[in-house]
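A note on names: the letters A, B, ... follow the listed sequences, proteins ahead of strands, and every chain is numbered from 1. Keep in mind it's a predicted model, so treat the numbers as computed, not measured.
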Amino acid sequence: MPELPEVETVRRGLEPLIGHRIVACDVRRRDVVRDRTIESPNPRRGVINPDSLGTGSVISALVRRGKQLAMIMKYHTHERVVLLQLGMSGQVSLVSTPRIPDAKHVHVVWTLDDTRRIVFRDPRRFGGVTLLPDQQTLDRAWSQLGPDALSIRAPLLGSAIEGSQRAIKAALLDQGVLAGVGNIYADESLFRAGIDPRAISGSLGPDRVRALADSIRAVLRAAVRARGSTLRDYRDTNNTPGSAQLLHQVYNRAGQACPRCGHPIESTRIAQRSTCWCPCCQH
DNA sequence: CGTGGCCCCTGTGGGC
DNA sequence: TGCCCACAGGGGCCAC
């Protein structure tokens, strides 16, 4: 569900929590939590002590890279990082009422010093929560990601896809190439740039690379302004849907008329993901 | 090595 | 109404 614009909207929704202390943490499903502060042959096995998921810590920053969101926490002189990955169906909400709405598939609940709660919910469980010992470990993990798509510029994008023989859409979906673009915004960015999603990445040429970088930034910024795309599940931290889906030109519009030229939108599969584009506007 | 294919999981919508 | 299949915003791991 969430790509960069949705995760950025969630990040902004959590920012007012900076300076607040976490007083309790309820891990309801251990297998969505990984603890990277302990030596373990299989970290997927879950946290040994749920208190270590930030209880007693003060939230000092909320940072995002691509689709990943990290809560930086301080506990006396110690540091802790809670990394949130939303997968396809993850939601993070902030609730003030004692009752947690729609408790099904709620896996982790943090209680704050003002009784508010951060609720992590994820029906499909493709997402997860990872505890890291410090920011240095986070930086090391994030060094595996490509540059953040929200500020991508042509020179960086060009070097990221240089020499690649794969379809440009597949490259855009690869978080090691570019961090933050998913299936929706890949199709939308390629449409805006007038590029066929099957085009060979390494053969785009400087003009198209520039157009693509500019389009990715423009599409993502517009989507952030619209507070993300709500197709079905996505909600912000206040449980409010976004409106960026109203901006979609080609995503999920196979067979419909292209909004620019009227030619029917075509669809195929690239990198196991459904792909929509206008054969008339995109070459 | 880069890359495509398969799988993880739950829910939903369409065809019959 | 119900059953079955295809498919959904992501990404880790494997074999080639």
Separation of [X] atom [atom1] from [N] atom [atom2], in whole Å?
X	N	atom1	atom2	value
A:Met88	B:dC9	CE	C1'	10 Å
A:Asp122	B:dC8	CG	C1'	12 Å
A:Asn252	C:dG9	CG	C1'	11 Å
A:Leu86	B:dC9	CG	P	19 Å
A:Arg166	B:dG5	CZ	P	12 Å
A:Asp187	C:dA8	CG	C1'	14 Å
A:Gln165	B:dC1	CD	P	19 Å
A:Gln91	B:dT10	CD	P	16 Å

For DNA chain B, the dot-bracket pattern of Watson-Crick and G-U pairs whose distances stay under 3.5 Å, | for other-strand partners: .|||||||.|||||||
Donor-acceptor side-chain pairing of [X] and [Y] below 3.5 angstrom:
X	Y	result
A:Ser93	A:Asn239	no
A:Ser229	A:Tyr185	yes
A:Gln91	A:Arg121	yes

In one Ile/Leu/Val/Met/Phe/Trp/Tyr side-chain cluster, 4.5 Å: A:Val63, A:Leu69: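 No; A:Leu69 is not reachable from A:Val63 via cluster members.
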Where along residues 139-147 of chain A does a heavy atom come under 4.0 Å from DNA chain C, residue by residue in number order?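 Of all residues in residues 139-147 of chain A, none places a heavy atom under 4.0 Å from DNA chain C.
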Please name the pair of heavy atoms, one in A:Thr137 and one in A:Asp134, separated by the smallest distance, quoted to 0.1 Å.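 Distance-wise, the nearest heavy atoms are OG1-OD1, 2.6 Å.
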Between protein and nucleotides 11-13 of chain B, what N or O pairs are separated by less than 3.5 Å?
residue: B:dG11; atom: OP1; partner: A:Lys104; partner atom: NZ; Å: 3.1
residue: B:dG11; atom: OP1; partner: A:His105; partner atom: NE2; Å: 2.7

Quick check on C:dA6: is either OP1 or OP2 less than 4.0 Å from any side-chain nitrogen or oxygen of A:Ser274? no
Mind checking the P distance from C:dG9 to B:dT3? Whole angstroms is fine. 22 Å
In whole Å, what separates the P atom of C:dG11 from that of B:dC1?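 Each nucleotide's P atom is 23 Å from the other's.
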If you look at every strand shown and take non-hydrogen atoms under 4.0 Å, does A:Glu6 touch a base, only sugar-phosphate, or nothing?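 The residue A:Glu6 makes no contact with any strand.
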Show the distances under 3.5 angstrom between N or O atoms of the protein and N or O atoms of nucleotides 11-14 of chain C.
residue: C:dG11; atom: OP2; partner: A:Lys67; partner atom: NZ; Å: 2.9

May I ask you to decide whether [X] forms a salt bridge with [Y], counting only side-chain N to carboxylate O separations under 4.0 Å?
X	Y	answer
A:Glu3	A:Lys67	no
A:Arg11	A:Glu8	yes
A:Asp26	A:Arg28	yes

Answer whether the closest heavy-atom distance between the side chains of A:Thr237 and A:Leu14 falls below 4.5 Å. yes
Is any side-chain heavy atom of A:Val33 closer than 4.5 Å to one of A:Val108?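 SC-SC contact between A:Val108 and A:Val33 confirmed.
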In Å, rounded to the nearest 0.5 Å, how long is the span from CD1 of A:Ile22 to CG of A:Leu112?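 Here the rounded value is 6.0 Å.
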Distance-only donor-acceptor pairs under 3.5 Å for side chains of residues 272-279 of chain A, two or more places apart:
residue: A:Thr275; atom: OG1; partner: A:Lys169; partner atom: NZ; Å: 3.0
residue: A:Thr275; atom: OG1; partner: A:Arg273; partner atom: O; Å: 3.1

Check this for me: A:Arg260, atom CZ, are more than 12 non-hydrogen atoms of other residues, nucleotides or ligands nearer than 6.0 Å? no
Table please: side-chain donor-acceptor pairs of residues 143-151 of chain A below 3.5 Å, with sequence neighbours left out.
residue: A:Ser143; atom: OG; partner: A:Arg140; partner atom: O; Å: 2.6
residue: A:Asp148; atom: OD1; partner: A:Arg64; partner atom: NH1; Å: 2.7
residue: A:Asp148; atom: OD1; partner: A:Gly66; partner atom: N; Å: 2.7
residue: A:Asp148; atom: OD2; partner: A:Arg64; partner atom: NH2; Å: 3.1
residue: A:Asp148; atom: OD2; partner: A:Leu150; partner atom: N; Å: 3.2

